[in-house]
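Structure record follows, encoded as structure tokens.
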Amino acid sequence: MRIATWNVNSLRSRITRVEAFLERHDVDVLAVQETKAKIDQLPLMGLQSMGYDVAAAGISQWNGVAIISRVGLDDVRVGFPGMPGWGDAQEQEARAVGALCGAKDGRGGVRIWSLYVPNGRKPGDPHYVYKLDWLARLREAAQAWRDEDTALVGDWNVAPFDEDVFDMAQFKNSTHVTPAERAAFHAFVEDGYADVVRPFAPGPEVYTYWDYFRNRYERNRGLRIDFVLGSPSLAQRVTGAFIDREERAGTGASDHAPVVVDLADG
DNA sequence: ATGGTCGGGAACCGA
């Protein structure tokens with residue numbers, strides 16, 4: 001089974017590229033972030049005609065997430081127990097929270113969580129405090145999923161290592177690289193989740209996001225902030241992975257590239 | 001310190 005994650009920066013404006021990506025790489029399950037649309041605004045007809053089902057959590061203007069699957073969607077969940085504002089969509093909208101939804105594939109083998117970690121804006125900002133709280137609560141919830149085939153995939157808005165940043169000097173006093181954010185990310189690894197892509201796409205100068213400003217992509221001035229973290233049993237099934245860097249090229253691209261992971265049958 | 005470019009939704013805000 002081939003799974004992927006991609007911050008599409010608006011599913012409506014990116015739908016043609018999403019469909020082409022799924023076909024080009026023969027993807028079974030795609031987790032998307034920043035759908036930027038309510039569920040009833042999503043352009044699903046083309047995806048459905050390609051054999052995909054869609055589960056979505058449309059929470060605010062910019063942080064919606066979805067899972068697109070052609071191997072079924074069982075036991076779809078939105079949010080996680082303990083998630084700030086869990087069960088209160090209006091509060092989530094008001095607080096511009098991160099978003100997360102998860103589903104098992106049709107054979108019940110893998111639970112994939114599509115997650116958009118809140119953007120902290122600036123260290124010390126209320127959104128930054130909220131981001132750390134959100135990650136801590138997700139960690140607690142994820143500990144209960146560690147003994148299953150679980151994939152935590154998406155835009156973590158954290159660059160865990162210096163080599164994941166094109167120029168650390170430009171990130172003084174910036175979010176994404178603070179010790180607290182990095183510790184929050186590494187806590188998942190300490191609990192047994194593994195970055196299953198990095199062994200197949202080692203740095204330095206390997207990124208998943210390039211700002212639209214200043215020709216950052218053309219100059220490869222990016223960040224690695226999109227990750228697939230696998231529980232131990234899921235990580236054992238990984239046979240390969242890659243970042244589809246070329247998807248970021250040209251006009252009409254998202255500012256993030258997709259990340260693809262291959263799994264052996266469980 | 002600021003600016004640069006996108007997307008959404010119709011003026012800027014947030015990434």
Side-chain angles (χ1 to χ4, degrees), chain A residues 5-21 31-44 56-66 84-85 89-100 114-132 134-135 153-160 164-178 181 185 207-227 243-259:
Chain A
T5 181
W6 188 10
N7 180 325
V8 294
N9 185 19
S10 168
L11 190 52
R12 277 181 289 181
S13 69
R14 214 72 60 210
I15 188 61
T16 302
R17 275 182 176 258
V18 168
E19 292 166 357
F21 165 78
V32 295
Q33 300 87 37
E34 290 202 62
T35 53
K36 291 189 173 180
K38 300 210 187 319
I39 293 166
D40 58 6
Q41 296 175 307
L42 294 177
L44 303 181
I59 290 177
S60 87
Q61 257 187 16
W62 61 88
N63 70 354
V65 295
Q90 286 187 327
E91 181 183 341
Q92 292 178 11
E93 172 104 33
R95 296 178 66 177
V97 301
L100 178 149
S114 177
L115 62 103
Y116 178 76
V117 174
N119 186 304
R121 302 194 184 180
K122 288 279 185 186
D125 186 287
H127 290 84
Y128 175 85
V129 175
Y130 179 81
K131 175 184 190 176
L132 294 177
W134 195 95
L135 280 168
V153 313
D155 179 356
W156 288 75
N157 273 319
V158 178
D164 300 330
V165 181
F166 69 90
D167 180 6
M168 281 297 295
Q170 292 199 26
F171 282 78
K172 289 242 180 213
N173 307 315
S174 293
T175 184
H176 291 61
V177 302
T178 64
E181 290 166 281
F185 179 90
Y207 309 122
T208 65
Y209 162 84
W210 300 260
D211 205 306
Y212 287 123
F213 304 160
R214 295 188 164 202
N215 296 317
R216 287 269 172 82
Y217 174 71
E218 289 76 7
R219 300 187 296 135
N220 196 30
R221 309 280 278 172
L223 303 174
R224 190 200 281 239
I225 55 175
D226 299 87
F227 297 101
I243 298 163
D244 184 13
R245 190 184 187 286
E246 288 67 36
E247 174 56 46
R248 177 63 179 80
T251 56
S254 169
D255 43 2
H256 293 251
V259 180

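Nearest nucleotide to the side chain of A:Arg12, out of B:dG9, B:dA15, B:dC6: B:dG9. Listed nucleotides B:dA15, B:dG7, B:dG3 differ in distance to A:Asn9; the shortest reach to its side chain belongs to B:dG7. Out of B:dG3, B:dC6, B:dA15, the shortest distance to the side chain of A:Arg214 is found at B:dG3. For A:Tyr212, taking side-chain heavy atoms from C-beta onward, the closest of the listed nucleotides B:dA15, B:dC6, B:dG8 is B:dC6.
We find that CG of A:Asp155 is positioned 10 Å from C1' of B:dA15, with the value rounded to whole Å. Residue A:Arg221 contributes atom CZ, which lies 17 Å from atom P of B:dT5 at whole-angstrom precision. To the nearest angstrom, C1' of B:dG4 lies 10 Å from CG of A:Asn215. Atom-to-atom, NE2 of A:His127 to P of B:dC13 comes out at 14 Å; the value is rounded to the nearest Å. The nearest whole Å value for the distance from the CG atom in A:Asn7 to the P atom in B:dA15 is 11 Å. Going from atom CZ of A:Arg216 over to atom P of B:dA15 covers 17 Å, rounded to whole Å. Going from atom CG of A:Asn119 over to atom P of B:dC6 covers 19 Å, rounded to whole Å. Atom CZ in A:Arg248 sits roughly 8 Å away from atom P in B:dC6 (whole-Å rounding).
Put simply, the residue from A:Val32, A:Val8, A:Thr35 that forms a side-chain contact (heavy atoms from CB on, under 4.5 Å) with A:Arg14 is A:Val8.
Comparing the C1' positions of B:dG14 and B:dG9 gives a spacing of 13 Å, expressed to the nearest Å. B:dA10 and B:dC6 have their C1' atoms separated by 16 Å, given to the nearest Å. Across B:dA1 and B:dA11, the matching C1' atoms stand 25 Å from one another, rounded to whole Å.
The phosphate of B:dG7 (OP1 or OP2) has a side-chain N or O of A:Arg14 nearer than 4.0 angstrom.
A donor and an acceptor atom, one from each side chain of A:Tyr217 and A:Arg245, are located under 3.5 Å apart.
No more than 12 heavy-atom neighbours from other residues, nucleotides or ligands sit within 6.0 angstrom of CG on A:Asn173.
Distance OH/A:Tyr116 to CG/A:Asp155: 5.5 Å, rounded to 0.5 Å.
Closest-nucleotide positions on DNA chain B for A:Phe213 and A:Asn157 were compared, and the one nearer the 5' end corresponds to A:Phe213. Along DNA chain B, the nucleotide nearest A:Asp255 and the nucleotide nearest A:Ser13 are compared for position; the residue whose nucleotide lies closer to the 5' end is A:Ser13.
Between A:His256 and A:Tyr209, the angle of the ring planes lies from 30° to 60°, which puts this pair in the tilted group.
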